[in-house]
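When a ligand or atom number is given, it counts from 1 through the structure's own listing order.
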Amino acid sequence: MELYGIERQAPVFFQDLVDSTNTRIKQLAAQGAPDGTLYIAAAQSAGRGRKGRAFLSPPGGLYLSMLLRPGCPAEEALSITPSAAVAVCRAVKAVCGLDCGIKWPNDVVLGGKKLCGILTEASTDQNGLFLVLGIGVNVNTEEFPPELRPVAGSVFLHSGKKTEPEALTRVLIQKLDELYAAWKADKNTFLEEYRALCVNPGREVLIGDRPAKALGIAEDYSLQVEYPDGTKENIAYGEVSARGFYGYV
Ligand code: BTN
């Protein structure tokens, strides 16, 4: 199948407006859609974020979901989401020439604001584990609602330049396809690049409401932190607020 000049084996669906590309991919998965199926939308009316939050998805952004049937247990698939954040950074660099960072575990940040969120949802069917990897990038957003302004950024707000969402989508699909092939061969293949891009080490973080200092990223992508009393912990998953980025969200 050919989309935006890209040849790929798995199907690609495109709609101007959908409720949520993650929801659509789940429906396609239930009908037996193959590994790598993509759903792209120019806007979403009910974009979903982590922790039951909404993800604002106006026209001018990039919203896509990819169906993954990785053929491995869920524990081994955990590194796909941080790896996808690396793919987003590579795509934004290639198309817009901008250097993004990653706020652990998988927000892509630019100029201290959240540029991209990633929501991975896991389920099983008769073929085993499948994942819906959903990526939303704020590309041309000119203004966010007041409550999101301290947190959310866009390529346009950072650079003053408009970007064709299709151009970024095309390159992101290439990067995701490359990533997925490499990740299948070695689940930690993006660890060093992730570590280099992660903005948390050396900064204060809040673990729940407990302040700590982020030290680094462990082999399993957990966040290594140190509390003021000197105790250390690896945080496997959860919301960590990064001071100096978006305040306490
Ligand atoms: C987050 O930061 O909370 C995750 C946001 C994920 C948003 C993307 S947009 C494409 C896909 N469809 C959705 O409904 N959500 C994801």
N/O pairs closer than 3.5 Å, ligand 1 and protein:
{"residue": "ligand 1", "atom": "2 (O)", "partner": "Lys114", "partner atom": "NZ", "Å": "2.4"}
{"residue": "ligand 1", "atom": "3 (O)", "partner": "Arg50", "partner atom": "N", "Å": "2.7"}
{"residue": "ligand 1", "atom": "12 (N)", "partner": "Thr21", "partner atom": "OG1", "Å": "3.1"}
{"residue": "ligand 1", "atom": "12 (N)", "partner": "Gln44", "partner atom": "OE1", "Å": "3.0"}
{"residue": "ligand 1", "atom": "14 (O)", "partner": "Ser20", "partner atom": "OG", "Å": "2.7"}
{"residue": "ligand 1", "atom": "14 (O)", "partner": "Arg48", "partner atom": "N", "Å": "2.7"}
{"residue": "ligand 1", "atom": "15 (N)", "partner": "Arg48", "partner atom": "O", "Å": "2.7"}

So, are Asp19 and Arg24 salt-bridged, with charged N and O less than 4.0 Å apart? yes
Do you know which two heavy atoms are closest between Leu64 and Ile173, and how far apart they sit? CD2-CG1, 4.2 Å
Which atom pair, heavy atoms only, marks the closest approach of Ala29 to Arg69? O-NH2, 3.3 Å
Looking at residues at least two apart in the chain, or sitting in another chain, which of them share a side-chain hydrogen bond (donor to acceptor under 3.5 Å, both in side chains) with Tyr180? Asp35
Are Arg149 and Phe144 in a cation-pi setup, meaning NZ or CZ lies under 6.0 angstrom from the ring centre and within 45 degrees of the ring axis? no
What do you reckon, is NZ of Lys162 surrounded by more than 12 foreign heavy atoms closer than 6.0 Å? yes
